[in-house]
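Notes to accompany the following structure.
Quick caveat, the model's predicted, so the values are computed rather than measured.
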Amino acid sequence: QVQLLESGGGSAQAGGSMRLSCEVSGSIYNYYGGWFRQAPGKEREGVAVIFSGGYTYTYYSDSVKGRFTISKDSAKNTLYLRMNSLEPEDTAMYYCGAGAGRFMDWRQFPLRRDLFNYWGQGTQVTVSS
């Protein structure tokens with residue numbers, strides 16, 4: 001059974017920073033991982049994704065490019081999302097996802113959420129102006 005456990009959410013002022021963590025456990029190997037977010041009344045959208053295995057590949061949505069950084073500590077099997085220059089529009093529930101088995105599809109559509117098999121429960125991020 002694969003489990004994803006997010007932590008690190010909370011409240012911040014606009015312009016501030018925050019780091020989210022996602023611990024991945026269970027039988028999943030050579031997976032791609034990522035962070036998605038869902039604001040009230042909106043669909044869940046991809047924010048940043050990563051594959052790390054011999055080489056590292058990352059991809060970001062236009063809305064966070066240059067402000068957010070995704071990384072992975074393979075020894076700890078943990079994904080991170082460093083968020084800088086936070087904006088009120090970043091307020092959302094942030095979910096960690098992991099997927100495997102559809103790598104070629106994922107490389108073409110890295111932010112497509114149906115390519116992710118496993119999800120965490122989410123952590124709330126609130127940014128005030």
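Ring centroid separation for the pair Y118 and Y31 does not come in under the 6.0 Å cut-off.
Sorted by first and then second residue, the disulfide bond (SG atoms under 2.5 Å apart) pairs involving residues 42-78 (not counting sequence neighbours) form an empty list. For residues 14-99, the pairs satisfying disulfide bond (SG atoms under 2.5 Å apart) are C22-C96, with sequence neighbours left out.
When W106, F103, Y32, F51 are each tested for a ring-ring contact (aromatic ring centres under 6.0 Å, His included) with Y57, only one passes: W106.
Using a 4.5 Å heavy-atom cutoff, the side chains of R19 and S17 are not in contact. L20 is listed as a side-chain neighbour of M83, based on a closest heavy-atom distance under 4.5 Å. For the pair Y95 and R44, the minimum side-chain heavy-atom distance is below 4.5 Å.
The local environment of NZ in K76 is sparse, with at most 12 non-hydrogen atoms from other residues, nucleotides or ligands closer than 6.0 Å. Within 6.0 Å of CD on E45 lie more than 12 heavy atoms contributed by other residues, nucleotides or ligands.
The ring pair (Phe, Tyr, Trp, His ring centres under 6.0 Å) check on Y29 picks up nothing, with sequence neighbours excluded.
The pair R112-D105 fails the salt-bridge criterion, with no side-chain N (NZ, NE, NH1 or NH2) lying under 4.0 Å from an Asp/Glu carboxylate O.
Once rounded to the nearest 0.5 Å, the distance linking CZ of R67 with CG of L86 reads 6.5 Å.
The hydrophobic cluster containing M93 does not contain M18, counting ILVMFWY residues as joined when their side-chain heavy atoms lie under 4.5 angstrom apart, directly or transitively.
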inquiry  = ring pair (Phe, Tyr, Trp, His ring centres under 6.0 Å) for F68 and W35? Distances and angles first, verdict last.
reply    = CA-CA 11 Å; F68 290 10; W35 291 93; over 10 Å; no
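For the pair Y80 (side chain) and T69 (backbone), a donor-acceptor distance under 3.5 Å is absent.
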